[in-house]
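Please read the structure below before turning to the comments.
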Amino acid sequence: MTRFAVTRAIEGLIVLLLMSFVVYGLIGLMPGDPIDLMIASNPKLTTADGQRLRALYGLDRPILERYLNWLTAAVQGDFGYSRAFARPVLELVGPRLVNTLVLLITALAVALIVGLGAGLYAALHPRSWIDDLIGYLSFISISTPTFWLALLLIMLFAVVLGVLPASGMPVGADTGLAERLRHLILPVATLSLASAGGYTRYMRAAMIETLGQDFIRTARSKGASEMRIVLRHGLRNALIPVITVIALDFGALFSGALITETMFAYPGMGKAIYDAIMANDFNLALVTLLFATLTTLAGNFAADLGYAWLDPRISLAAGRAGT
Amino acid sequence: MNGAPLLSVEGLVKHFPVQRSLFRLGRGTVVRAVDGVSFELRAGETLALVGETGCGKTTVARAAAMLHRPTAGRVRFRGQDMTRLRRRGLKAARRHIGLIFQDPLSSLNPRLSVARIIAEPLVIHGIGSSRDRRERALELAAAVGIAIGDLDRHPHAFSGGQCQRIAIARALACDPALVIADEPVSSLDASIQSQVLNLMIDMKERRGLSYLFITHDIGVADAIADRVAVMYAGRIVEFGGRDEVFHHPVHPYTRALLDAVPQLGGGRGTAVSEPGEPPSATSLPSGCPYHPRCPKAQALCKEAIPELTSPGAKGATLAACHFPD
Amino acid sequence: MRSRAGRLLPGGVLVLLAALALCAPIYEAAWGIDPNGVDLSQRYGQPSFTHPLGTDELGRDLVARLLRGGRVSLSVGLVAALMATAIGTVIGLLAGYFGGKLDAFLMRLTDSVIALPLLPLLIVLAAVDLTKLGVPAAIAQSEDVSLYRIVIITGLASWTTVARLVRGETLALREREFVLAAIGQGAGSLRVMFVHIFPNALTPIIVAATLSVGNVILFESVLSFLGLGIQPPIASWGNMLTHAQETIWSAPALAIYPGVLILIVVANCNLLGDRLRDSLDPRSAGR
Amino acid sequence: MTSVGMLLEVQGLEVTFPTTRGLLKAVDGVSYSIAAGQTLGVVGESGCGKSVAALAILGLLPPPGAVTAGQVLFAGADLVRLDPGALRRLRGDRLAMIFQDPLAALNPVVPIGDQVGETLVIHHQVAPSLARKEAAALLRRVGISDPDRRIAEYPHQLSGGMRQRAVIAMALACRPALLFADEPTTALDVTVQAQILDLLDGLRADTGMAMQFISHNLAVVSRLADEVVVMYAGRIVEKAPTNELFRHPAHPYTQALIDTVPVKGRRPRGSPPMKLPSIPGQVADMRTVRTGCGFAARCPQAAYDCRAAEPPLRESGKNHWVACFRAAT
Amino acid sequence: MRRFPAPTAFVATGIILVVVGLLLGQTQPRLSKSQDQLVIGMSQFPATMNPNIEAMAAKSFVLDMAHRPFTAFDTKWQLICMLCVELPTVENGLAKLVDLPADQIQAPKTAGTGVCTPVHDKGITLTYTIQPQATWGDGTPVTTDDVLFTWQVGRDERSGVSDLEPYRRITKIEVKDRKTFTMHVNKLTFDYAGINDFLLLPAHIERANFAEPTEYKRRTAYDTDPTNPGLYFGPYRVTQVVPGSHIALEQNPTWWGAKPHFKRIVVRVIENTAALEANLLSGSVDYVAGELGFQFDEALAFQKRFGSRFDVIFKPGLVYEHIDLNLDNPILADKRVRQALLFGADREAISQQLFEGKQPVAHSFVSPLDWVATTDIPRYSHDPAKAAALLDAAGWKMGPDGIRMNAAGERLGFELMTTAGNRTRELVEQVLQSQWRRIGIDIIIKNEPARVFFGQTVRERKFSAMAMFAWISSPENVPRSTLHSSEIPTAANNFAGQNNTGFKNALADELIDCIEVEFNREKRRALWQRIQALYAEELPVVPLYYRADPFVFPKWLTGVEPTGHQYSTTLWIENWKVR
C-alpha cells in the first residue's frame with residue numbers, strides 16, 4: 001500500500017514535470033506575449049515601453065531559460081506571479097481550487113447517485129419502458145453540448161421561472177451557506193447531467209454483464225433472493241469496471257467544469273485556466289493546469305484505491321492494477 | 001529410429017515475469033514455467049509430452065516452435081540452433097515446422113476463407129503462384145476430408161472437428177518435417193477425437209512426419225505415442241518408450257498419474273487418488289518438486305533436485321527421482 | 001425495433017442528414033439562394049416560402065446556412081474521427097502486439113493523456129501560433145486554417161479510447177491460436193498485425209470510430225463556444241450555436257436549430273455505435 | 001415408468017429456446033428418476049441437453065429458455081409448476097448444484113467463508129458470523145487444510161482443486177437430499193479429478209444424499225454412478241445400470257462411445273500407433289428440424305425406418321432401456 | 001434485442017425543444033430590485049487595482065468610483081477639475097509659458113511647407129491645488145506629498161507603470177504648500193491643462209512598498225491589500241475583491257463630494273455575454289455597463305425584446321471603426337481603388353440596417369460630436385457605378401467569374417483582417433465582403449485573436465491589405481501617432497508609432513505639428529478642417545462608423561450619463577439614483 005502510494009506519487013510527479021514542460025513550451029508557442037496584450041489595450045504605449053516592460057517581466061529571455069528559472073523557483077515553493085490578477089499564483093489558486101472541488105465533488109456525487117441508481121434500475125428491468133426512458137435520457141445527456149444545456153437551464157430556471165440564480169456564486173450581502181447552495185444548484189445540475197448519462201450506461205452494461213456470470217447462477221442455485229443476488233453478489237462486481245471508466249472520466253469532468261464555470265461565472269480553476277490562457281498569463285495558466293492535472297491524478301488515485309477495495313484480486317502492493 | 005535427432009531441446013528454461021511497470025525498479029515475481037527440460041525427438045517418431053495443467057508442457061511446445069524466446073537453453077531443429085536465429089533464418093526454419101493448437105475455432109482466423117487459411121503458409125513463404133496455392137489448398141482439403149465446395153466459407157461455418165481438420169491441412173501446407181500439436185483433440189467431443197487422431201496417424205504414415213504431441217490425456221498419448229515424456233512442475237520426471245512408461249512407470253508421479261485415470265466401466269473405486277495438488281509455478285518447493293505429495297519422499301528429496309537419469313537396469317527409461325521403483 | 005433495418009435506423013438518420021448537407025447546392029439552386037448572400041433588409045426574417053426557416057442576423061437563408069454548417073460539422077467529425085482512429089489503432093496495435101516496455105510506455109502515455117484535463121490543453125493548442133511551429137505562412141494564414149486546426153486538435157483528443165480498445169483487443173487476439181499459428185508459420189510482425197489482428201479488431205474499431213464522430217462534433221461546438229472553434233465566415237453548427245446565444249431571446253430559432261441538430265447527430269452516433277456493438281458482440285447476438 | 005419411492009421423478013421434460021432460426025428443443029421429452037441415496041450418471045456430448053435438463057429442474061434456465069412440457073416431481077411437489085419463491089426455498093436447501101468451472105462459479109469479491117456459509121444464512125437464518133464458523137467446519141469436511149485461514153481468503157487465492165472443494169462444501173451446507181453435479185471435474189487435472197470423485201462418492205455415502213452426476217466422460221461416470229443415462233440430441237437413447245451398460249451396450253451410439261474413446265490400454269503393448277475405431281460425421285445440430293432417430297445420420301446400422309420415425313425408449317433387458325429399432329431386445 | 005429509444009425519439013425531442021424554446025422566447029422575465037445595493041454586470045475583470053499599472057477599461061470603471069483623476073473630460077467633453085480646484089490657464093495665470101533650456105528643445109521633424117510655424121522652444125508651468133477636503137479613506141489628507149510620490153513612481157521605469165510619458169514630460173514639481181504645487185512641462189501643447197493620467201498614489205501606504213522599485217508591481221497595496229481604505233478617496237472604497245468573480249465597494253466616509261445613493265456597489269464579472277444577459281434578466285445583475293457590456297447586436301436584440309423593462313441607451317462617441325489600408329500594397333497605392341472601395345461599400349445600409357442608425361457612418365477620423373468636426377469634406381455615398389468606373393479606369397476590368405482582373409491577369413482581391421470573436425466586426429466584415437464582391441473585388445476574411453492582431457499584425461504592419469479595428473481617443477485628440485509620417489512603424493524604429501497604413505503626406509505632417517501648439521481655438525478649427533479634408537481625399541483608411549456603447553439600465557436606475565469618450569460613467573457615480 002505504502003509502496004503503491006509512493007510509486008504513484010513518483011509517477012504523478014513525472015507526469016506533472018512533463019506537463020509543466022509541455023505546457024510551458026506550448027504557451028511559448030502562442031502568438032504574442034503579455035506585453036502585446038498591454039499594447040493592444042493601451043494604444044499610447046510605445047515599442048520602447050514594450051521592451052522595457054518585457055525586460056521587467058523577464059519575457060526577453062529564451063523560453064528554456066525562463067522555464068528553468070520558473071522550475072527552480074517552483075521547487076522552492078514560488079510558483080510565480082499572475083500578471084492578469086497581479087497576485088502570487090498560489091494565493092489565487094487556493095480559493096479557486098476549493099471552489100472547483102466543491103463543484104466537482106458535489107457534481108460527481110450527484111452524477112454517481114443519479115447515474116448509478118438509474119443504471120442499476122435499468123439493468124434490473126431490462127427492456128421495460130422505464131429502461132427505455134432511462135436509456136433515452138442518458139443518450140440525451142451525453143449528446144448535449146454542456147454550454148447549451150447550461151444556457152437552457154439558466155433560461156428556464158433563472159429567467160422564466162425565476163426560482164434559481166443565474167450565476168454560481170452569490171455576490172450580494174447574503175453569502176451564507178444556504179445562499180451558496182442555492183447558487184450551486186444549476187452549475188451542479190449542468191455538470192452532473194453531462195456525466196450521469198455516461199455513468200448510467202456503464203452501470204447498466206456492467207450490471208447486465210455481471211448478472212450473466214456463472215457465480216450469479218451459483219447464488220441462484222443457493223436459493224438467494226433477487227435482492228441478495230443484486231446487492232451482495234452483483235453490485236460490487238459490477239462496480240469494478242464502472243470505477244475504471246469513471247476514473248478515466250475525471251479529465252472529462254474537469255473539462256465540463258471549465259465550461260460550467262464559464263457559463264455560471266463561477267470563480268473556479270477551469271475558468272481560471274481559460275482566463276489565464278486567454279490573457280497570456282503564463283504562470284497562472286501553468287500552475288492552474290498543473291493543479292488541474294494534480295486533481296485528476298488524485299481522482300485517479302482515489303479510483304485505484306476504490307478499485308483495490310472493491311476487487312480483492314488487485315493487490316496494491318504488487319504495483320499498478322492491470323486493466 | 002536412427003540418425004541425428006530432428007529436434008533436440010537442451011536445458012530449456014522459460015520464466016515469465018508476473019508484473020511489468022514502466023517505473024518499477026528491481027525484480028518482480030517470476031513464473032518458472034519450464035525449468036530445465038531436455039529431450040530429443042527423432043525423425044519419424046511421435047513424442048508425447050504428458051502432464052497436468054501448468055506443468056509447462058505447452059510452454060515447451062511453444063518454445064520449441066520459438067513462439068517464446070527461451071530464458072535459457074537451446075532448441076536445435078535439424079541441427080540448427082533456433083534460439084540463435086534472427087528473423088530471416090527463423091522464418092526459413094519455420095517453413096519446416098507445422099503447428100496445431102487446442103481450440104479448433106480459435107486457431108483459425110475468422111476473417112479468412114478456408115482456402116486462404118490453408119494457403120496462408122504458402123503465401124508467407126512465397127511459394128507458388130496464387131493458382132498453385134489454390135490447387136495445393138484443394139489437394140490438402142481433400143486429404144483431410146474437407147469438401148471442396150466448402151473452401152470459400154469461413155471458419156465459423158464449421159464444427160470443431162472440421163476446424164481441426166482445416167488446422168491440420170494448414171500445418172501440412174509447406175510439407176513440414178515436424179508437426180508440433182498442442183492438445184489437438186482435447187476440446188473435441190468424444191466421438192470426434194478418434195476421427196482426428198486417426199487422421200493424424202494417417203498423415204504421419206503417408207508423409208513421414210514427426211510429431212511433438214502435447215496432451216494431458218493418458219488415453220490419447222497411449223494411442224499415438226512412440227515415446228513419452230511426463231512433465232511435472234516445469235521438469236521432465238520420466239522419459240522413455242510408450243510401453244515402458246505406461247506399463248512400468250518408475251517415477252512415483254507417473255504411477256499416481258496413471259492410477260488416477262478412470263477406466264471405462266471400471267466401477268466404484270477403481271482409480272486411486274493421491275493427496276495434494278501440483279505446486280504453483282511462482283513458488284516451487286525446494287528439492288524435488290513432487291516431494292510434498294510423494295509417499296516415498298525422504299529428507300534428500302527436500303534438498304536436492306533429482307537429475308533425469310537412467311535408474312539402473314531399467315533400460316531405455318529415464319527418471320528424475322532419488323528413489324525410483 | 002427488432003428488425004435489422006430498425007437497428008441501423010440511427011445510421012439512416014445520419015446518412016440522411018449527411019445527404020441533405022451534401023445536397024446544399026441543389027437546394028440553393030432550386031430556391032435561388034446564395035448561402036453567403038448577405039441581405040441586410042432581410043435580417044431575422046420569419047419563415048416564408050423563399051426562406052423556409054427564415055433568415056439569420058445578416059439576412060442569409062437559414063436552411064442554406066444549416067446545410068453548409070452541417071457539411072463542415074459532419075466532415076470535421078468524420079475526418080477527425082478517422083484520424084483519431086488511425087492514431088489509436090496504430091498505437092494500440094503496437095502496444096498490444098509488442099508488449100513489454102513499449103506497451104508499458106504507450107499505455108502509460110495513453111492513461112496519462114486520458115487522465116489529463118484535456119479541454120484546457122486543447123485551448124492552449126487551439127491558440128498556438130502555427131508560424132512559430134514552422135508551418136508555412138501560406139497554410140497557417142489561409143481562410144480554412146481553423147478547419148484544419150480543429151480537425152487535428154479534436155483528432156488528438158480522441159485517439160486514446162481507440163488506442164486502449166485496440167490494445168485490449170490485440171492483447172486478446174495476440175494469444176489467440178490463429179495468431180500464434182501465423183507467427184509459427186513464419187509470418188512477420190507487420191503481416192500478423194495487419195492480416196491477422198487488425199481485421200479481427202475491426203468491429204470494435206468501427207464502433208469506437210462511430211462514437212468518436214459524435215464526440216468530435218461536440219468538441220467542435222465546445223471549442224467554438226470558447227471562441228477557438230471554426231472561424232467565420234465558414235459556418236459550422238458549433239459556431240452558429242455559439243453566435244446565436246447572444247440573441248437567444250429575440251431570435252431563439254437561430255440557437256435552437258443548430259443545437260438540436262448537434263444533439264440529433266451526436267445522439268444518433270452514440271446510438272449507432274451502441275447498436276453496432278450489440279449486433280457485433282456475439283454474446284448479445286442471440287438476444 | 002413412474003415408480004414409488006423415488007426422490008426425483010422427471011417425466012417428459014421438454015425445454016425450448018426461441019432463437020432467430022426458430023425454436024430449439026434442447027431437451028426433448030426426457031424421463032428418468034433417482035432414488036434416495038442413489039447416483040445417476042448422465043452422459044453425452046456437448047449440446048446434448050444434459051446440463052440444460054438439470055438447470056431446468058432447478059428453475060435456473062437462462063432466459064429465454066423455458067420448460068414447455070413435462071413435470072418434475074420432487075418430494076411430492078412438481079418443481080415445474082411450483083411458484084418461484086417456493087422453488088427458491090428448496091434450492092440450496094434440499095436441492096443443490098455444483099458447476100464445471102469452480103473459479104467462475106465463485107464470486108471473486110466475496111471471501112470463501114462467506115460464500116460457503118451463505119446458504120445457511122439464506123435458509124436457516126444463521127447469523128453471518130456463525131455461518132462463517134460453520135463454513136470452516138464444512139471446508140474441513142471437504143478436505144481443505146487450515147480452514148480457519150481459508151475462510152477469509154478469496155477464490156483467486158485457492159488452487160483449482162480447493163476451489164472445487166469449496167464449491168462442494170457450499171452445496172452441502174444445508175445437507176441437501178439431492179445434488180446435481182454438472183461436469184464437476186472437467187476443468188480439473190486427472191489426479192485432482194480422482195480426489196474430487198472420491199470426495200463426492202464419500203460424501204454421498206456419508207450423508208445419504210442422492211446425486212445426479214453429469215459428464216461427457218463415460219469413464220468418470222462409471223466411477224460413481226449406480227445407473228447411467230446416455231443422451232444424444234436432447235433425448236435419452238439408453239438407460240441402464242452401470243455395469244450392464246458397459247457390458248451390454250444396446251444403442252449404437254453407446255457402443256460407439258465405448259469403442260472410440262481413446263483409453264489407455266486399448267492399443268496393445270509393443271504395437272506401433274494404430275488407428276482407432278471411429279464413428280463418422282458430426283455431433284447433431286440441434287437447430288435443424290429432424291424426424292426420426294437423431295443418430296441415424298452417423299449410425300452404421302441405420303435403415304429407412306430410423307429416418308422416418310423416432311424410436312421409442314423401450315426396455316431391452318432388466319432395467320435396461322434403449323431407444324433404437326436395431327437394438328436387440 | 002433491446003429496444004433502445006429509436007433515433008426518431010431524438011428527432012422528436014429536437015422538435016419539442018424547438019417548440020419549448022420558441023415558447024420560452026415569448027415569456028417575460030422577472031425582475032427584482034434592491035434599493036441599497038446596485039449590482040453592475042461587466043464582461044472583464046480588472047488585472048490590478050493600482051491606478052498606474054496597466055491601463056484597462058475594466059480597472060478605470062471600478063477605480064473611478066473610489067479614486068479620481070486631477071482632471072477629466074465631462075459629459076459635454078469639456079475639461080474639468082475633479083481632484084484639483086481650478087484648471088490652470090494662461091489667462092488665470094496658473095499656466096505660464098517658459099523658454100526651454102537648449103538641451104530640451106526638439107528639432108522639427110519635417111520640413112515646413114509654410115502652412116504654419118510650429119513652436120518647439122517653449123515649455124509651460126502649471127499650478128494646481130488639490131481639493132482641500134480630499135482625504136484618503138483612512139483619514140490621511142491627500143497632499144502634495146502624494147503628488148511627489150506619484151511622480152517619483154511614475155517616471156521610474158522599474159516601477160511597472162505602463163505609460164511613463166505623462167510623468168516624464170514633467171521636468172520638475174515645486175511644492176507650494178500641502179495642497180498646492182507647480183509642475184514644469186517641457187512640451188507645449190494646446191491641451192496643456194489636462195493631466196487626466198496623473199493618478200495619485202497614497203504615499204503613506206505605498207512609499208514603503210516602493211522601497212524596492214522593481215518589486216513595486218508585486219508589493220503595491222492595491223493588489224496585496226486591495227480593501228485597505230487608505231488607498232481610496234472617492235465616493236466609494238473597495239471592500240471585497242474575489243478574483244474572477246466580483247468586486248464590492250461601499251460608501252467612503254471621508255468622501256468630500258455629494259453623498260452617493262447606493263450603500264453598496266457590486267461589480268460582477270461575467271465574460272460570457274449570453275450569461276450576462278441571463279443574469280440581467282433574472283435580476284442577479286441590475287445594470288450592464290456600456291463600457292464593457294453587451295455586444296452591439298446583442299444589445300439591439302435585447303432592446304427589441306425587453307425595451308419595455310429596460311432602458312437601452314446607445315451612446316455614440318469617439319470610438320472610430322475603420323479599415324486600415326496597407327498603402328504599400330501596390331493595388332491599394334492607387335487612390336482610385338481606395339475611392340472605389342468607399343463607393344462600393346454601402347455604409348449607410350450598414351449603419352441603418354445592421355445598427356438601426358445607432359452607430360453613425362464615419363466620414364473622417366473626427367467624431368461629429370467633437371467641436372472640431374467639419375462637414376466640409378469629400379463624402380462617399382454608395383455608388384456602385386462610380387466604383388466600377390473608377391476600377392475600370394484603374395485598369396481592373398470585370399472578369400468572367402465576377403472578379404476584376406488587370407491586364408497582367410491578376411485578380412483584384414484583398415485579405416480583410418480583424419479581431420476574431422468580435423461579433424459586430426465579424427458581421428460588418430461579412431457584409432462588406434458581400435458588397436465588394438458585387439463590384440468585382442474578391443475579399444478573403446482572415447481573423448486573428450485580438451492580442452495577435454494588435455500585438456503583431458497591425459503593429460508590425462503584417463496585414464497585406466486591410467485591417468479593421470477602432471481608434472479610441474479623447475476629445476480633440478491630435479492624430480499624430482496615426483497620420484504623421486514619422487510614426488510609421490518599421491523594423492528600424494522598432495515598430496514605434498501607429499501610422500499602420502504607411503501614410504506619408506508632408507502637408508498632413510505639418511498640419512499635425514501646427515495643431516498641437518496652436519492655442520487659438522478658431523485658428524485651430526481651421527487647421528482641423530484642412531486635415532480632415534485631406535484625410536477624406538487621400539483615404540489611407542476606409543472610415544466605417546462611430547461606435548456606440550450600449551448601456552442597459554433597469555427602468556428604476558437614473559443618473560447614469562454615458563460620456564461618449566473614454567472616461568467612465570462611474571466618475572459621476574454619486575449622481576446615480578433609484579427613480
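On a predicted model such as this, the values are computed, not experimentally measured, just so you know. In the text below, chain A, chain B and the rest are named by the order of the sequence lines, each starting its count at 1.
- To the nearest 0.5 Å, atom CG of residue E:Asp223 and atom CZ of residue A:Arg87 are 6.0 Å apart.
- Taking E:Asn272, E:Thr224, E:Val242, E:Val285 one by one and counting their heavy-atom pairs under 4.5 Å with chain A, the maximum is reached by E:Thr224.
- Residue A:Ile154 holds its CD1 atom at 11.0 Å from CD of E:Glu277, rounded to the nearest 0.5 Å.
- Of the atoms belonging to E:Phe469, not a single heavy atom falls under 4.5 Å from chain A.
- With respect to chain A, the highest number of heavy-atom pairs below 4.5 Å among E:Pro46, E:Gly244, E:Ala278 belongs to E:Gly244.
- Residues A:Thr262 and E:Glu271 have side chains not in contact (no heavy-atom distance under 4.5 Å, counting atoms from C-beta outward).
- Both the backbone and the side chain of E:Arg218 come within contact range of chain A, judged by heavy atoms closer than 4.5 Å.
- For chain E, the nearby part of A:Phe264 is the backbone; its heavy atoms alone come within less than 4.5 Å.
- Counting heavy-atom pairs closer than 4.5 Å to chain A, the top-ranked of the candidates E:Pro243, E:Ala57, E:Ala275 is E:Pro243.
- In this structure, E:Val269 and A:Ala265 approach most closely via the heavy-atom pair O-CB, 3.8 Å.
- If you take CD on A:Glu261 and OG on E:Ser245, they are separated by 11.5 Å, rounding to the nearest 0.5 Å.
- The two residues A:Ala158 and E:Ser282 have their closest heavy-atom pair at O-CB, 3.3 Å.
- Residue contact with chain A, scored on non-hydrogen atoms closer than 4.5 Å, is absent for E:Ala248.
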